[in-house]
Structures are given as C-alpha cells and as structure tokens.
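Contents: one structure, followed by commentary.
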Amino acid sequence: MNGRATDLVVVGAGPAGAAAAMQAAALGVRTVLLEDEAAAGGQVYRAPATTRDMARSPERRQGDALRAALAGSSVQVEHGQKVWSVSGQYRVDVLGPQGPGHWQAPALIVATGALERVVPFPGWTLPGVVGLAAATILLKAHGMAPGERTLVAGAGPLLAAVAVGIVKAGGKVAAVVDLATPGEWAACLPAMAGRPDLLARGAGWLARLRLAGVPILTGHALAAVAATPDGLRATVQPVDSLGRPIPGGAATSFEVDAVAVGHGLIPSTDVTRLLRVEHWFDPASVTWRPALDAGFRTTRAGVYVAGDGGGVLGVAAAGLQGRLAGLAVALDLGRLSQVQHDARAEKLRRKLARAARFGAAMARMMAPRPGQFAAIPADAIVCRCEDVTRAEIEEAAAEGACEVNQLKAWTRCGMGPCQGRVCGDTAAALLAQFHASDRETTGLFTGRTPLRPLPLDQLTGEYGYADITLPPPAPL
Amino acid sequence: MPQRVDFSFDGVPLTGWAGDNLAAALMQAGTRRLRDSPRAGQARGAFCLMGSCQECIVWVDGARREACRTTLHAGMAIRSGTIADVAV
Ligand SMILES: Cc1cc2nc3c(=O)[nH]c(=O)nc-3n(C[C@H](O)[C@H](O)[C@H](O)COP(=O)(O)OP(=O)(O)OC[C@H]3O[C@@H](n4cnc5c(N)ncnc54)[C@H](O)[C@@H]3O)c2cc1C
Ligand code: FES
C-alpha cells in the first residue's frame, strides 16, 4: 500500500478516538480512524471476540451503538491496523492484515488509551497472575473468568467491576483485597455525587458481592503469590494508608488458581513520547501526561491527544475530550470560525468539567502509594522482559544512575520487547525513592520505533531491515 | 454461532471456542505457562491481554505471535514461545 493523504488521522477507536473522528468528519474534515483491534470500542466498549454465547451488558449495547454510529458516518475506519511509527508532519505507519502501509495528514489525534500499572510483588510473574484490566478483557471479549477461583486485588473501581464480572460469568472470587479503606471511598462521595448512576452501580456491585458471600478485605494488600502443586497461594496483609505493611498485622492466605491484580491506569504515551511533545508529571494520579491546551493540542502543532492517553478520567470524559479535539482540528484546519467553534465547545467543556471531577476522584483512588514501592523485596523481578530485580536496579542507582534511560543502558531494565511499558513506572519510582529525588528527575523512557514489536515476516514489500530501528533483542 | 475447534499446544491436543484469541483459549483449556523467560528461565503466561507486556509470545506456524492478539482457528499448532524452543 502506498502512502495515502487525508486531512486527519486519528489513532485508536475507543470512546475518545471515535468521538473525535466523528466530530471532525461531520465538519467536513476528511478523517481516517486507525484501530489495532478488529472492532471499534476501546476498553470499555470492547466488542466480543468469541463464538461462545455471552450475556449482553449495558456496555455491550453502548458499544454496538458506537460502532453503528461510526459505520453511518463519513469517517474512514480502518480496523486491524497497528500503528507502529509516526514521523514527519505527520506520516503514520501501520501494519495490518494486508501488510504494511502509511497515511499522511497535517493533523493527528492520538487516542491510544491507557496501560495498567501493577506494582511488583513476589510471584507477580507466575502464570495465572493477570492484570485487573486483563481480567476485564477476558470478561468482556471472551465471556470468561481468569480462573475457577480468583483472588481480586489492588486499587480502584476496577476491583469491584472485575469481581462482579467473575461472579456473573460463573466463576468464584476467593476475596476482594482493596488497598483503600471504606473511609477513603467515603471521601470520594462528594465528587461522585454528580454521577448518581455510577454511584448506584457501585452500590449494586457491593450488594452482589455480599450476596455471593465474597469476603472484602479493605486496607489490605497482596504480599506474595506462590505456586503450589494445585495452583496458587495468595497471601495478603493489612497495610496503612501509605500502603506500608502494618508490623505484626495478621497475614491471610487463599488457595486459588488465578489472581487478578492492578494498581491503576497510566496514560499510554508511546506516540507522544516518540513525537517529543512536552509531558508533565501529575502527582495526584502519579502519572506522566502530555501537556495539553483547552483544545487538546500538544506542544507540537498538528498533534492532539484525547481520552485516557492525556490523563485517565474515565469513559464519559474521554468521549467529550474527543469531541473537543475534533472541534479544535476543524478550527485549526479552517473548517470552523472561532465563533462557531466556541459556541459548540462551551457546552462540551461544562459537561467535561463534571465528568472530569468524577474521573479525577477515581484516578486518585487508583494512584499507587509510596509504601507499595518500598515493600518490593530486593530479589523481586521488576522488569519482566529481562528479569531485572529491584536489587539490580538499586545497584545501578548506587553507582550513579539517576534517570531511567541511564538505568536502561546499565541494567537492560526497559530494554526488552515491552519497551518499558510494564516496568517503567516502578523503575522510575524506585530510583526516586533511592536518591530521595522526584519523578521529574527520574524521567521517562525515550519513545522509539517500532511502537510495538513487529513480526518481521509480515513486513514484506515496503521496507527492508535497514529501514527499521529495532530494539536490541533480549539476551538468549 | 458457538463453534468448538481443535488445536494443539506443544503437541498436546486441546479444544477451544473459535474466535477467541489464543491466550484466552489456552487459559480456558487450562494451559497457563506459555513460555520461559530468556534470562531467568521462569515460567510465564499471558499477563496484560492487550498486546502490551509481550509475556504471551508463542510460535504459530513458525512465526512469533502475541497469543492475546492472534485469533484461534481450527487445527492451529501452537508452540511455547521460549526462544530456545524454536519451532520446527
Ligand atoms: C482494560 C481496561 C478496562 C477499563 N474498564 C473501564 C470501565 O469499565 N469503566 C470506565 O469508566 N473506565 C474503564 N477503563 C478506563 C477506560 O480506559 C476509559 O474510561 C475509556 O475507555 C478511555 O477511552 P479512550 O478512547 O481514551 O481509550 P481506550 O478505550 O483504551 O481506546 C484506545 C484504543 O486505541 C487503540 N490503540 C492503542 N494503541 C494503538 C496503536 N498503536 N495502533 C492502533 N490502535 C491503537 C486500542 O486498541 C483501543 O481500542 C478501563 C481501562 C482499561 C485499560
Ligand atoms: S498478554 Fe501481554 S502482550 Fe499478550
């Protein structure tokens, strides 16, 4: 496929990207929407990917409505297209079922969503231990629980969502282990008051778990998971409000065959780091976010970010941000006057402020606590690709590594095929703790291509090996 | 239409739902270990299910693939993604 020109390329067809593309297209902007998955919807509105019978959830219906709206719009939706490089002003390289190709457009909206953070603990690399976000994918796309008996642990609203999903899918939940206390949840109530629907849903989840007899341990953390002849043994312990184990606190063990664990969502900044736009560290959510103006413009002309990729604020905010970014593109490309733009944007901004209040409260509930990083044992693996332990990271720190890219060069932490998506946050937090510095000092892994490892056998035609900068392989 | 299909992992015959990705199908079939890590040789399985962590890499028809991003078809012969076990 040769390069094709358009006005706007949107990367990611979740609620943010889909809304952005439809808004811009409705104003006469020729828009191409690129999505890695086989169907639009993103994380919340994920389409089923199985021939098994599955119950229809409210999200499924909303997702179907979103997919129908996209199909009826003038947006050119390209599924199964993995964006692996963005360069120039702006060339977007994709790899799809028909092989490689690229698009060229003066405007680019990045709507690539979020990644999950899991703070390491002994046993987190064992097969059968999956992310909370991973569990939502198993439930939504495949109608299955991660195991027959699952321990659900970590922080934030995904805990209850996953536990209830498992119960509904016919699985057993050994326990829900929440870092937060009921008091911390209660402190969110004012911010949640604007969304009585979601509040009611949360209450319904808790009632459902009580009915199913699922123990809920608040103010507790997963201390370790060990393999046993029949499965996994998960040990949990009480922690204080900073996530530090309480000395003498009674540990409890659960015999399970799966563990779903997650400590919040992190904006996926692969593309924005590659484009070297400015990012800032947000201490409230403990995440790096691209710097954005009110029209979701980055510090690089023609590049916009909508949805979780700019800061994790939930599904309602993502859709509104998408529409605002679509309006900003239409304004910047001359399809709308400033007056027309402002008239439309003002109403959306008011709604966004309300949605963002709720989203920010949830993001705070998901934020990791310093004691979680401090509690990682020296021999626990932090970088799963290269099996780099906390002790190895701190040896490098003691020898002078102050920043994650130095750490990567010295220890290979972040150099493997995941490119630091899994370990980057923990490595940066550990360096900051070791040097008593801050996350601005420990920094972010530099973005590079390919954004995802590429199966070289699929890259026929347009490229030779020499055209691709590949990350060094893991040691054999 | 619900449809069961046969496939195999390291030569062991298994069945799964067509349309599932390989990571979900293998998990459903009780196969959790998909590969060993290259440096420490520890057992690993699918972790993120969203194409991010690369823990689910397996060999399919002689090519390395993300199990969580590859759709199950009848007759697929999947092999553990441990680098030393290069598929034959
Ligand atoms: C697993 C998971 C479950 C969640 N569940 C909920 C929930 O139940 N309720 C809730 O309010 N919030 C939930 N969240 C938060 C949720 O992400 C947001 O509410 C909302 O989905 C954000 O929308 P988005 O469009 O920004 O991103 P997403 O919905 O994540 O969509 C991003 C899209 O970009 C695509 N993409 C990414 N990189 C590339 C690339 N390189 N090339 C091509 N396509 C790419 C992805 O495939 C995806 O479809 C969840 C988050 C995750 C990660
Ligand atoms: S499970 Fe993480 S990439 Fe497949």
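Residue numbers start from 1 in every chain, and the chains themselves are labelled A, B, ... in the order their sequence lines are given, proteins ahead of strands.
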Would B:Arg65 count as a cation-pi partner of B:Trp59, with NZ or CZ less than 6.0 Å from the six-membered ring centre and within 45° of the ring normal?
-> no
If you tally heavy-atom pairs under 4.5 Å between each of A:Leu126, A:Asp387, A:Thr125 and chain B, the highest tally belongs to A:Asp387
B:Asp20 and A:Arg52 ion-paired at < 4.0 Å = yes
For A:Asp257, enumerate each residue passing the salt bridge (Lys or Arg N to Asp or Glu O under 4.0 Å) test, keeping only those at least two apart in sequence or located in another chain.
-> B:Arg32
Show your working on side chain to side chain contact (heavy atoms under 4.5 Å, CB included) between A:Val261 and A:Trp124 and close with a plain yes or no.
-> CA-CA 9 Å; A:Val261 55; A:Trp124 76 305; 5.9 Å; no
Report the residues that fulfil side chain to side chain donor-acceptor pair (under 3.5 Å) with B:Thr31, sequence neighbours left out, ordered by chain and then residue number.
-> none
Tell me, side chain or backbone of A:Leu115 under 4.5 Å from chain B's heavy atoms, or both, or neither?
-> both
Which atoms of B:Ala46 come close to chain A, meaning under 4.5 Å heavy atom to heavy atom: side chain ones, backbone ones, both, or neither?
-> backbone
By side chain to side chain donor-acceptor pair (under 3.5 Å) - contacts of A:Arg273 (at least two apart) = A:Thr269, A:Asp270
What part of A:Val118 is in contact with chain B, defined as an atom under 4.5 angstrom from a non-hydrogen atom: side chain, backbone, both or neither?
-> side chain
Would you call A:Glu395-A:Arg390 a salt bridge at under 4.0 Å N-O?
-> no
Looking at A:His142, A:Glu116, A:Arg421, which has the largest count of heavy-atom pairs under 4.5 Å with chain B?
-> A:His142
Which members of residues 51-58 of chain B, sorted by number, sit under 4.5 angstrom from chain A on a heavy-atom basis?
-> B:Gly51, B:Ser52, B:Cys53, B:Gln54, B:Glu55
Side chain, backbone, both or neither: which part of A:Ile381 has a non-hydrogen atom closer than 4.5 Å to chain B?
-> side chain
Side chain / backbone / both / neither for B:Arg69 at chain A, heavy atoms under 4.5 Å | side chain
Is A:Arg46 paired with A:Glu37 through a side-chain N to carboxylate O contact shorter than 4.0 Å?
-> yes
Identify which part of B:Gln3 has an atom lying under 4.5 Å from any heavy atom of chain A, answering side chain, backbone, both or neither.
-> both
Residues B:Thr70, B:Asn21; criterion side chain to side chain contact (heavy atoms under 4.5 Å, CB included); working and verdict | CA-CA 5 Å; B:Thr70 307; B:Asn21 66 47; 5.9 Å; no
Is the cationic atom of A:Arg384 (NZ for Lys, CZ for Arg) positioned less than 6.0 Å from the six-membered ring centroid of B:Phe47 and within 45 degrees of its normal?
-> yes
